[in-house]
There are 2 protein chains.
Amino acid sequence: MKDEDINIWMIEDNSRYRKSLTTVINNTSGMFCSHSFPSCEDAFLVIENENLPDIILLDIGLPGMSGIEGIQKFRSYSADLPIIILTIHEDNDTVFDALCEGASGYLLKDSSQEKIVASIKEVLAGGAPLNMRIAHKVLKLFSRIKVKKSDYGLTTREKEILKLIVAGNTKQQVADKLFLSFHTVNTHLKNIYTKLHVNTIAGVVSKVYKEDLF
Amino acid sequence: MKDEDINIWMIEDNSRYRKSLTTVINNTSGMFCSHSFPSCEDAFLVIENENLPDIILLDIGLPGMSGIEGIQKFRSYSADLPIIILTIHEDNDTVFDALCEGASGYLLKDSSQEKIVASIKEVLAGGAPLNMRIAHKVLKLFSRIKVKKSDYGLTTREKEILKLIVAGNTKQQVADKLFLSFHTVNTHLKNIYTKLHVNTIAGVVSKVYKEDLF
DNA sequence: CAGTCAATCGCACATTCGTGGTATTTTCAT
DNA sequence: ATGAAAATACCACGAATGTGCGATTGACTG
């Protein structure tokens, strides 16, 4: 163990898995596992007195605080700390939650030890190691994220006015900002309502957000 | 070239790159490039008369129809057709758009030929090959997607009323639906506005969508 | 030229909103 | 019992909305 070696913390409640993986890491040149914890809470007790590690390997299904919640809390300490998830969970919701909270990589526990070591090196090189099946799932998640972008044939001016309305301006304020008569804005909004099939501000704002009209 | 070999189409306007990569693929056991096109439009002319390929390698910056638009149109032919992006673009918007339209992988043109061949094999094995820098960027995109869920201390009743207001009901309509006096709804809404620091319907609806208040 | 569309402007007015203020009752915790 | 929070209700009124109707001008196209 040398000062330049990469310091890794592991948070994993299965003690056999934790010990065997710690051994692998400690036997790998250039890295060492200074701590391995069975829970996030344990890690946070130590974090107050020591420097943050260079990487965290984090399970999700943990006693007490889950790995997802753990990401949140680690992120309050450092936005850049690489956090590689190492878990059995591959359902969409868990993957999505972990990534949204800021996971830097996502491996499954059936990964070989070589793959895990390679992934540690990858995250150090600026990558984002993902299990192959997870990568596929991640890309599929984007299709679900895609907002249905609708087209109601709004004119340029109508969109301009709509943006200001959605931002909370009254008709008179919109008129003042665009150097128009109040009546002009009123007419445009009337036309917008007809095109969008709504008749209230609430309706129009909802539609803008739900259907990405800009 | 055998019947079981993987049929790949390439869509790439740089003819030198297109030819050299086609050669690499044709020299790789188990795969062949039956067509290489300089534009999406050319590919769609052929697609009407031939079977779809097993994989498409797709550039983004193309003459005429862009690769992003091309994904959309290929997806109308097949939801499962693997489409690997091979491009110089690594800006967030382009990556995001390509993935949302259904890209199955995303490589950069500085990838080695070995990496490209390996990625083809990876997508066939059910993966989603991503350039390392792109993978990192993709995970960062999730943090941006995460909606900041805020808590303004709204009571149960306030949330109930807010939902109906956001859905487009007038105060009187809300009162009728909840068997309350108009004045009660008015008071609740007054309190909601104070808690959310807004003073218009547009403001409150925007806040609900931006900050996931329900 | 005629027709269409977009932009601009106006009238009229019933309806609704937003906000300042007030009050009572019920429920829960100390 | 007391106090706080939530729920309910009310008054007042200027500001703003939503919708029916109408018109003119400019740019573009066939």
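This structure is a prediction, so every number in the text was calculated from the model and none was measured. Below, chain A is the first sequence line, B the second, and so on; all start at residue 1.
Listed nucleotides dG18(C), dC11(D), dA7(D) differ in distance to K171(B); the shortest reach to its side chain belongs to dG18(C).
One distance of note links OH of Y77(B) with CG of L52(B); it measures 8.5 Å at 0.5 Å rounding.
In this structure, T200(A) reaches the sugar-phosphate backbone alone: every heavy-atom distance under 4.0 Å involves primed, P, OP1 or OP2 atoms, never a base.
Checked options V198(B), N199(B), L189(B); the residue passing with V204(B) is V198(B) (criterion: side chain to side chain contact (heavy atoms under 4.5 Å, CB included)). Exactly one of K109(A), K19(A), R18(A) qualifies for a side chain to side chain donor-acceptor pair (under 3.5 Å) with E12(A). That residue is K109(A).
Between T184(B) and dT8(D) there is no side-chain polar atom (N or O) within less than 4.0 angstrom of OP1 or OP2. Within the structure, every side-chain polar atom (N or O) of N186(A) is placed at least 4.0 Å from both OP1 and OP2 of dT17(D). Side-chain nitrogen and oxygen atoms of Y193(B) include at least one within less than 4.0 Å of the OP1 or OP2 phosphate oxygen of dG18(C). Close to dA7(D), at under 4.0 Å from its OP1 or OP2, lies a side-chain N or O of T155(B). Side-chain N/O atoms of S181(A) include one lying less than 4.0 angstrom from OP1 or OP2 on dG10(C).
Look at CG on D176(A): it is 15 Å from P on dA15(D), rounded to the nearest Å. One can place NZ of K190(B) at 15 Å from C1' of dT16(C), the figure rounded to the nearest angstrom. Q173(A) places its CD atom 13 Å from the P atom of dG18(C), with the value rounded to the nearest Å. Counting to the nearest Å, the P atom of dG18(C) and the NE2 atom of H188(B) are 16 Å from each other. Between the CG atom of L154(A) and the P atom of dC5(C) there is a distance of 16 Å, given to the nearest Å. A straight line from NZ of K195(A) to C1' of dA7(C) spans 11 Å, rounded to a whole angstrom. One can place CD1 of I201(B) at 14 Å from C1' of dT15(C), the figure rounded to the nearest angstrom. Atom NE2 in H183(A) sits roughly 13 Å away from atom C1' in dA23(D) (whole-Å rounding).
In this structure, V205(B) and I201(A) have side chains that are not in contact, with every pair of non-hydrogen atoms separated by 4.5 Å or more.
Heavy-atom nearest nucleotides on DNA chain C were determined for Q172(B) and for L178(A), and the one closer to the 5' end corresponds to L178(A). Between F179(B) and I165(A), the one whose closest nucleotide on DNA chain D sits nearer the 5' end is F179(B). Each of G153(A) and T187(B) lies near DNA chain C, and the nucleotide nearest G153(A) is the one positioned closer to the 5' end.
A salt bridge does not link K137(B) to E90(B): none of the charged nitrogens lies less than 4.0 Å from a carboxylate oxygen.
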